[in-house]
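Here's the structure we're looking at; comments come further down.
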Amino acid sequence: QVQLRESGGGVVQAGGSLRLSCAVSGMPVSVNTMGWYRQVPGNQRELVGVISGSGITNYTDSVKGRFTIARDWPKNTVYLQMNSLKPDDTARYYCNTNYRSRGFWGQGTQVTVSS
């Protein structure tokens, strides 16, 4: 079975950095596209960025130049490196993938950026 587990969230001051991790079991991270999303309570979930099975990344405009998605194949983990954080980045962050025609989500990890 596929399981995703996010970690690394916390409270950080504006301008600071965090690295989120998505540990994947049941599927090699090189197989398919992995996505990072974020959600503020009461709002719809927003796509932050994706990394394809071949390593190609894309990001939403609001995080371009500040966030980077990377993979660590030996650890079967996908990372979201978040730099120059802003209060507007405050949200719960989720990782996601689709595998064998099924979608999978992690439980999320909270990121709070103070002003």
Side-chain angles (χ1 to χ4, degrees):
Q1 77 286 1
V2 176
Q3 290 185 315
L4 312 178
R5 186 172 182 85
E6 303 93 337
S7 62
V11 180
V12 65
Q13 291 184 337
S17 298
L18 285 173
R19 188 178 72 166
L20 307 184
S21 299
C22 177
V24 180
S25 62
M27 184 198 76
V29 295
S30 60
V31 165
N32 209 349
T33 297
M34 302 289 300
W36 281 99
Y37 292 73
R38 63 188 182 186
Q39 186 170 27
V40 177
N43 292 357
Q44 68 180 22
R45 195 165 294 183
E46 174 192 24
L47 177 65
V48 175
V50 297
I51 183 167
S52 74
S54 59
I56 300 172
T57 56
N58 284 283
Y59 306 92
T60 191
D61 286 344
S62 63
V63 307
K64 285 181 179 177
R66 300 188 297 118
F67 291 9
T68 304
I69 300 173
R71 301 175 298 187
D72 187 333
W73 291 354
K75 296 181 179 179
N76 214 44
T77 298
V78 177
Y79 299 99
L80 179 65
Q81 179 67 48
M82 310 165 66
N83 299 324
S84 301
L85 283 163
K86 306 174 181 179
D88 285 348
D89 296 318
T90 294
R92 191 167 186 87
Y93 285 72
Y94 300 85
C95 63
N96 163 264
T97 193
N98 289 281
Y99 187 61
R100 300 191 183 279
S101 301
R102 298 178 61 188
F104 298 90
W105 293 90
Q107 82 287 353
T109 186
Q110 180 67 35
V111 172
T112 301
V113 184
S114 64
S115 59

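Of all the heavy atoms in N83 and S17, the pair that sits closest is OD1-OG, 2.9 Å. When all heavy atoms of A14 and P87 are compared, the closest pair comes out as CB-CD, 4.1 Å.
Hydrophobic cluster membership differs between Y79 and L18, with clusters built from Ile, Leu, Val, Met, Phe, Trp and Tyr side chains linked at under 4.5 angstrom. Cluster annotation: W73 is connected to M27 through the hydrophobic network of ILVMFWY side chains, with a link wherever side-chain heavy atoms come within less than 4.5 Å. Both F67 and I51 belong to a common hydrophobic cluster when Ile, Leu, Val, Met, Phe, Trp and Tyr are linked at side-chain heavy-atom distances under 4.5 angstrom. Residues F104 and Y37 are members of separate hydrophobic clusters, defined by side-chain heavy-atom contacts under 4.5 angstrom among Ile, Leu, Val, Met, Phe, Trp and Tyr. Under the 4.5 Å side-chain contact rule for hydrophobic residues, V50 and W105 share a cluster.
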- Hey, mind stepping through D89 and K86 against salt bridge (Lys or Arg N to Asp or Glu O under 4.0 Å) and telling me if it holds? CA-CA 5 Å; D89 296 318; K86 306 174 181 179; over 6 Å; no

- Under the side-chain contact (heavy atoms from CB on, under 4.5 Å) criterion, do L47 and T60 qualify, and how do the steps go? CA-CA 7 Å; L47 177 65; T60 191; 6.0 Å; no

- Just do the side-chain contact (heavy atoms from CB on, under 4.5 Å) check on E6 and L20 with the steps written out, would you? CA-CA 7 Å; E6 303 93 337; L20 307 184; over 6 Å; no

- Message: Assess the residue pair V2 and R100 against the criterion (side-chain contact (heavy atoms from CB on, under 4.5 Å)); give the C-alpha distance rounded to whole Å, side-chain angles, the decisive distance to 0.1 Å, and a yes or no.
- Response: CA-CA 10 Å; V2 176; R100 300 191 183 279; over 6 Å; no

- Message: Walk me through whether M82 and V12 qualify under side-chain contact (heavy atoms from CB on, under 4.5 Å).
- Response: CA-CA 11 Å; M82 310 165 66; V12 65; over 6 Å; no

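For the disulfide (SG to SG under 2.5 Å) condition, the pairs that include at least one residue of residues 10-87, sequence neighbours left out, are C22-C95.
Without hydrogens or angle criteria, D72 side chain to T77 main chain gives no donor-acceptor distance under 3.5 Å. In this structure, the side chain of S52 does not engage the main chain of T33 through any donor-acceptor pair within 3.5 Å.
For the pair Q3 and Q1, the minimum side-chain heavy-atom distance is below 4.5 Å. Counting heavy atoms from C-beta outward, I69 and V78 have side chains that approach closer than 4.5 Å. Between E46 and V63, every side-chain heavy-atom pair lies at or beyond the 4.5 Å cut-off. Proximity of S21 to K75: side-chain heavy atoms (C-beta onward) are nowhere separated by under 4.5 Å.
Screening T112, T90, V113 against V11 for a side-chain contact (heavy atoms from CB on, under 4.5 Å) leaves a single residue, T112.
Applying the side chain to side chain contact (heavy atoms under 4.5 Å, CB included) rule to R92 yields the partners Y94, Q107, Q110; only residues at least two apart in sequence or on another chain are considered.
Of the inter-residue distances, the one linking N96 atom CG with M34 atom CE reads 7.5 Å to the nearest 0.5 angstrom. If you take CD on Q39 and CD on Q44, they are separated by 8.5 Å, rounding to the nearest 0.5 Å. Between atom CG of residue L80 and atom OH of residue Y59 there is a gap of 8.0 Å, rounded to the nearest 0.5 Å.
Around atom CZ of R5, no more than 12 heavy atoms belonging to other residues, nucleotides or ligands sit under 6.0 Å away.
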